[in-house]
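What follows is a set of notes on a single structure, which appears directly below.
First the proteins, then the strands, lettered A, B, ... as listed; each starts at 1.
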Number of protein chains: 2
Amino acid sequence: MTEKRKLTLKDIARELGISISTASRALKEHPDIAEDTIRLVKAYAEKHHYVPNTLAVNFRKNRTFNLGLIVPELVHHFFSTVISGAIDTAKKNGYNILVSQSNDILADEVMACRTMLASSVDGLLISISNETVEGVHLKEFLEEGKPVVQFDKITDHLNTPKVIVDDFNGSYMAVKHLIGQGFRKIAHIRGRTEVKNASERAMGYKQALLDHGLELREEWVKGCKLIHEQEGYDFCKELMESKNPPDAIFCITDLVAMGVLKYLKEKSIQIPEQVGVMGFSNWKLAEIVNPGLSSVDQHGYEMGQKAVLKLIDLIKNHDVENDEIIELKTNLIIRGSTTSTKNSDKVTLQ
Amino acid sequence: MTEKRKLTLKDIARELGISISTASRALKEHPDIAEDTIRLVKAYAEKHHYVPNTLAVNFRKNRTFNLGLIVPELVHHFFSTVISGAIDTAKKNGYNILVSQSNDILADEVMACRTMLASSVDGLLISISNETVEGVHLKEFLEEGKPVVQFDKITDHLNTPKVIVDDFNGSYMAVKHLIGQGFRKIAHIRGRTEVKNASERAMGYKQALLDHGLELREEWVKGCKLIHEQEGYDFCKELMESKNPPDAIFCITDLVAMGVLKYLKEKSIQIPEQVGVMGFSNWKLAEIVNPGLSSVDQHGYEMGQKAVLKLIDLIKNHDVENDEIIELKTNLIIRGSTTSTKNSDKVTLQ
DNA sequence: CTGTTAGCGCGTTCAT
DNA sequence: ATGAACGCGCTAACAG
C-alpha cells in the first residue's frame with residue numbers, strides 16, 4: 001500500500017520553525033502576518049503539495065459542501081436531466097452532489113434521507129415519491145437547520161422552496177395547439193389523481209377544452225396507475241374501439257404516448273391524419289420516433305440548476321423558513337404527430 | 001432558524017455522571033462495560049435522540065463512507081442504469097455515492113476528480129472520457145491510498161480493477177444471430193478506433209463473418225465520430241445507395257440504430273425482410289420502437305453493482321494494487337428487427 | 001469495569 | 001507580527 005502520509009500544518013510549522021497558527025494564517029493571507037512569512041509558508045506549502053485535510057476542516061466548520069439529491073427513479077430521462085443540471089451547477093459553486101433514489105417507495109426514501117443526513121450533507125434536494133405525504137423524514141432536515149428544496153414532485157405539507165414546472169399551462173398550451181390543428185375530439189390519458197403534476201395537467205386539458213367550446217367527455221379521460229407504455233397501448237385500444245373514438249390523444253407523458261403510437265401503427269391508423277398524438281416531457285425518444293412526437297418540454301436541466309442555486313442560497317443565508325415557489329415555463333415542441341397536413345382543418349386561435 | 005444544538009457524548013456523560021469514554025463504549029456495547037451501564041446509557045441516548053456527529057467520526061477515522069462516481073454523460077440510458085445499480089448496492093452497504101460527469105472532456109474529468117478527492121471520498125468509480133489517456137489525475141487517488149475501480153470505458157494505463165462488458169463476444173453473438181437468420185451482406189456502423197469498446201465490437205463483427213465464411217467488405221464498415229442518431233441515418237443512406245447495399249446493418253449502439261431505422265422507414269424499406277437491423281446496449285427505446293430493435297444487453301445495473309462491491313472490497317482490504325478484470329457476459333435480445341419471417345433463409349449454426 | 005488522558009487537523013481567541 | 005493554548009466530538013491506549 002502506497003499511501004504517503006499527508007502533510008499537515010503541524011509539519012509545515014515544524015519545518016519552518018514557526019507556530020501552527022502562523023502557518024494557518026499565512027496560508028489564508030491574514031493581514032496580521034508579515035509579507036515575508038506569507039511568502040515563505042506559501043512557497044513551502046506549494047512545493048510540498050500541502051492540501052488541507054478536508055475532513056478536519058469540515059469537522060471544524062460543521063459543513064461538507066455536499067448536497068443530497070433524491071429522486072424517485074434515476075433511470076428516467078427527465079430526472080437524469082434534472083440531476084445533470086444540478087451536478088453541473090453544484091460543481092461550479094464548489095459543491096458535490098450525493099445522489100439517491102426512492103423507487104417511489106416511502107421506506108426507501110426515508111432510508112435515503114437518513115443516510116444522507118448521517119453523512120452530513122449541507123442541504124437536500126428532493127423530488128418525493130408517490131407514497132410520500134407528510135414527509136416527517138424531511139422535517140428532520142429542517143430541524144437540524146439544514147435547508148431542503150423540493151422539485152417537480154412536491155408536497156405542500158412541507159414549508160420549503162419548491163421548483164416546479166407550470167404543468168397546468170404546459171398542458172393547456174398543448175391542448176390548445178391540438179385544437180388549432182383542427183382536432184376536435186381530444187382524449188386525455190392522465191395519471192393518478194393524488195399526484196399533483198397529473199392533476200395540474202388534467203386541469204389544463206379541461207380548461208383548454210372549455211375555453212374553446214369543445215365537449216369534455218369523461219369517457220375520453222383515462223387514468224394510468226403506473227405511467228407505463230403498456231397502459232398507453234391498452235387505453236388507446238379502449239378509446240379507438242369505443243363507439244365514439246377521439247381524433248387526438250393527449251398523454252400524461254411520452255412513454256405513455258409511445259404505447260399509443262404503437263397501437264395506432266399496428267392498426268395502421270394514420271398519425272396525425274386520423275389521430276393526433278401529444279406527449280409530455282419531451283424525452284429523447286420523442287424526437288427519434290417516427291413520426292416525431294409532439295411534446296411539452298419541461299426544462300429539466302434548468303430545474304436542476306435553479307434548485308441547486310436556491311439551495312445554496314438558503315445554506316448561505318441560514319434560511320430554513322423559506323417557501324418560495326419557482327415556477328418554470330414549459331415549451332411546446334411541435335413534431336409530426338400533431339401537425340395536420342390538411343390546412344383546411346386548421347383554426348387560428350387568439 | 002430552528003437548529004437545536006445536537007446532543008453529544010459529553011452531554012450524556014455529564015447528565016449521567018459518567019465519563020465520556022464510558023458513554024462512548026456503552027453505546028458500542030463494549031464487553032468491558034457493565035450491562036447496567038449499557039442499558040442506562042442506551043436508554044438515555046434513545047430518549048434524547050442521540051446521533052453521533054458523523055463529521056467528527058469521519059475525521060477521527062479518516063473515512064467518509066462516500067464513494068465517488070464519474071461518468072462521461074449522466075443523461076444516457078446505459079450510464080444511468082449503471083449508476084442506479086451502484087447507488088442501490090452502495091446504500092445496502094452503508095455507502096453514499098457522489099456523482100459527477102465529464103461530458104467526455106478531459107478537463108472536466110480532472111476537475112471532477114479533484115473536487116471528489118478534496119471532498120474525501122473513500123474510493124472512486126470511473127468510466128473515463130474519450131479524451132482520457134494516461135489518467136494522471138486518477139493516479140492521485142491511488143497515491144493517497146484511495147482505491148479506484150474503472151468500468152465500461154477504461155484505460156489499461158491504470159493499474160486498477162476493471163469491470164467491463166464482453167464487447168467482443170456480445171458483438172460476435174449478435175452477428176452470428178444475423179447470419180443464422182439468413183442475412184449474408186452484413187454491414188457495421190462502428191465507433192472510433194481509439195475507443196476500446198468500439199474496437200472490440202468491430203473485432204467481434206469481423207470474427208463472426210470470418211468464422212462463417214462471409215465476405216468482409218471494408219465499404220460496409222462505417223465509422224461514427226459522435227455516436228449520434230444522425231450518423232446512423234447518414235451512413236444508412238450511404239450504404240443503401242451504394243452499388244452493393246447490405247441486407248443487414250449492425251450498429252455500435254441503439255441510438256445509431258434508430259437513425260438507421262428512420263432512414264429505412266422513410267424509404268419504405270421493409271425491416272427485417274429487406275434489411276435487418278441490430279443495435280447494441282438494449283436501451284429502453286429498443287423495446288418501444290416498432291418493429292422492436294434486436295440488441296445486445298450490457299447488464300448495466302449489474303455492472304454498477306459489481307463495481308461498487310469491488311471498490312468496497314478494496315477499501316476494506318486497503319488494497320490499491322489490484323488489477324483484476326471482471327468481465328460481464330452480454331445477453332442477446334432478439335426482437336422484430338432481425339427475425340426474418342422466411343424460414344427458408346434461416347441457417348442452423350453450431 | 002470505569003475514568004483519565006491524549007490526540008486527530010484545523011481555526012481562533014488571547015496573550016505577548 | 002507571532003505563538004500558546006484551547007476546543008470541535010469522538011476514539012483508544014493506558015491506568016487504575
Report the distance from atom CG of A/N58 to atom P of C/dC10, rounded to the nearest whole Å.
-> 12 Å

DNA chain C contacts made by residues 31-38 of chain B, counting heavy atoms under 4.0 Å = B/D32, B/I33, B/A34, B/T37

Within the side chain of B/D104, is there an N or O that forms a donor-acceptor pair under 3.5 Å with the backbone of B/N130?
-> yes

Would A/R14 and A/D11 pass as an ion pair if we require N to O under 4.0 Å?
-> yes

Would you please confirm or rule out a distance under 4.0 Å between OP1 or OP2 of D/dC10 and any side-chain N or O of B/Y50?
-> yes

Look at the side chain of A/H76 and the backbone N and O of A/F78, then say whether any donor-acceptor pair between them is shorter than 3.5 Å.
-> yes

Nearest-Å distance for atom pair CD1/C1', residues A/I20 and C/dG7 | 12 Å

What integer distance in Å separates B/L9:CG from C/dG3:P?
-> 13 Å

Under a 4.0 Å N-O cut-off, is there an ion pair linking A/D156 with A/K196?
-> yes

From CG of A/N62 across to C1' of D/dC10 the rounded distance in Å is 14 Å

Here the distance between atom C1' of C/dT4 and atom NZ of B/K10, to the nearest Å, is 15 Å

Rounded to whole angstrom units, what separation is found between the CG atom of B/L7 and the C1' atom of D/dC10?
-> 14 Å

Scan B/I18 against the nucleic acid and name what it touches under 4.0 Å (heavy atoms): base, sugar-phosphate only, or nothing.
-> sugar-phosphate

Take atom CZ of B/R63 and atom C1' of D/dC10, then tell me their distance rounded to the nearest Å.
-> 11 Å

For B/A56 and A/K28, take the nucleotide of DNA chain C holding the closest heavy atom to each; which residue's nucleotide lies nearer the 5' end?
-> B/A56

Using a cut-off of less than 4.0 Å, is there contact between a side-chain N or O of A/T22 and OP1 or OP2 of D/dG3?
-> yes

Choose from C/dG9, D/dC8, D/dG3 the nucleotide whose nearest atom is closest to any side-chain atom of B/F59.
-> C/dG9

Using the closest heavy atom to pick a nucleotide of DNA chain C for each, name whichever of B/R60 or A/R25 lands nearer the 5' end.
-> B/R60

Decide yes or no, distance alone: a donor-acceptor N/O pair under 3.5 angstrom between the base of C/dT4 and the side-chain of B/S21.
-> yes

Look only at the side chain of A/K91 and the backbone of B/Q101, and say whether a donor-acceptor pair between them is shorter than 3.5 Å.
-> yes

For A/L55 and D/dC10, give me the distance from atom CG to atom C1', rounded to whole Å.
-> 13 Å

Partner of B/K139 under side-chain contact (heavy atoms from CB on, under 4.5 Å), chosen from B/T160, B/V148, B/L158 | B/L158

Ranking D/dT11, C/dG11, D/dG9 by distance to the side chain of B/T8, first place goes to D/dG9

Distance below 4.0 Å between A/S24 side-chain N/O and C/dC10 OP1 or OP2 = no

Quick one: which of A/H299, A/Q305, A/Q298 gives a side-chain hydrogen bond (donor to acceptor under 3.5 Å, both in side chains) with A/E302?
-> A/H299

